[in-house]
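Okay, so here's the structure we're looking at.
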Amino acid sequence: MSNRNGARLPHLKPSSILRHLLSLLAGTLQGLVVPTAQAETVLESIRASGLLQVAIRDDSVPFGFRDGPANQWTGICVDFIEALQTEISATLGGQPVLVKFYQSSLFNRYNLVAEKVVVVECGPNTIRRDLQLPITFSQPFFVTGTQFLVATDRLGAFDSDGDLRGERIGVLGGTSNSEFLAARYPEAELVNFQGFTARRLGVEALMQGRIDAFASDGILLFGEA
């Protein structure tokens, strides 16, 4: 995989991701949703309820999606949450901890944490410093970049190094990808897709010839395709 500038990016194995994230447990759980003036910590709340409430996207292969006959949650984030569940149980002296999953989206992922519906949201989130919400981000555990999905018969004609004037580029509205495209290709025609199935709808629009390319994080494009 490469980033916007074409440089190769490192690949992290899930086991390495989990080890790195688990090392952030104390700081991340407490700093994610709890105001500094609040006496009860997140771990104390979990001890009292025996419940770990988390949110995961179901449209973000390989991070979070549903699969199998039972349409069950799966992906890297599910692996992380299961490991987190084990770590919290051990921290609480072996107390059993149940996990309750909520479905997050581009539009509610931050508020689910800020409003304390969940204590952790795991997904392909761009780390931002401009959010006026009582939340914080973990250290980065995956690096990707904005890439284009185009039809094979247009590979020679689609020039991402140019200005893409007149090209119809599909993108998820309200994302860092759309901000990047608007700044880098002001003469392109951006077509915003919204909703829980937006990325799928964008890929379908590309297959049907209604747009010339679809832009998103490279790893998510690969998963959706």
Using side-chain heavy atoms (C-beta onward) and a distance below 4.5 Å, is [X] in contact with [Y]?
| X | Y | value |
| --- | --- | --- |
| Arg200 | Phe193 | no |
| Val99 | Glu82 | no |
| Val171 | Asn192 | yes |
| Ile127 | Pro140 | yes |
| Phe180 | Thr175 | no |

At what distance, to the nearest 0.5 angstrom, does [atom1] of [X] lie from [atom2] of [Y]?
| X | Y | atom1 | atom2 | value |
| --- | --- | --- | --- | --- |
| Leu206 | Asp212 | CG | CG | 8.5 Å |
| Ser105 | Gln194 | OG | CD | 10.5 Å |
| Cys122 | Arg109 | SG | CZ | 12.0 Å |
| Leu220 | Asp59 | CG | CG | 8.0 Å |
| Leu98 | Leu52 | CG | CG | 9.5 Å |
| Leu51 | Gln85 | CG | CD | 10.0 Å |

Tell me the closest heavy-atom pair linking [X] and [Y], and the distance in Å.
| X | Y | value |
| --- | --- | --- |
| Gly123 | Cys77 | N-SG, 3.6 Å |
| Arg210 | Arg168 | O-NH1, 3.1 Å |
| Ile211 | Gly202 | CD1-O, 3.5 Å |
| Gly218 | Gln147 | CA-OE1, 2.9 Å |
| Asp161 | Arg184 | O-NH2, 3.4 Å |
| Ser178 | Leu190 | O-CD1, 4.1 Å |

For residues [X] and [Y]: do they belong to one hydrophobic cluster (side chain heavy atoms under 4.5 Å, members Ile, Leu, Val, Met, Phe, Trp, Tyr)?
| X | Y | result |
| --- | --- | --- |
| Leu43 | Val120 | yes |
| Val191 | Leu181 | no |
| Leu149 | Leu201 | yes |
| Phe137 | Leu133 | yes |
| Phe80 | Phe65 | no |

Sidechain-backbone polar pair: [X] side chain, [Y] backbone, donor-acceptor under 3.5 Å:
| X | Y | result |
| --- | --- | --- |
| Thr146 | Ser216 | no |
| Arg199 | Leu172 | no |
| Asp163 | Arg165 | yes |
| Gln103 | Asp58 | no |

| said: Can you classify the ring geometry of Phe101 versus Trp73 as parallel (below 30°), tilted (30 to 60°) or perpendicular (above 60°)? | reply: parallel
| query | If you count the non-hydrogen atoms of other residues, nucleotides and ligands that lie under 6.0 Å from OH in Tyr110, is the total more than 12? | reply | yes
| message | Test of understanding: with side chain to side chain contact (heavy atoms under 4.5 Å, CB included), list the residues that count as partners of Phe158, not counting sequence neighbours. | response | Phe148, Val150, Arg154, Ser160, Leu164, Glu167, Ile169, Ala213
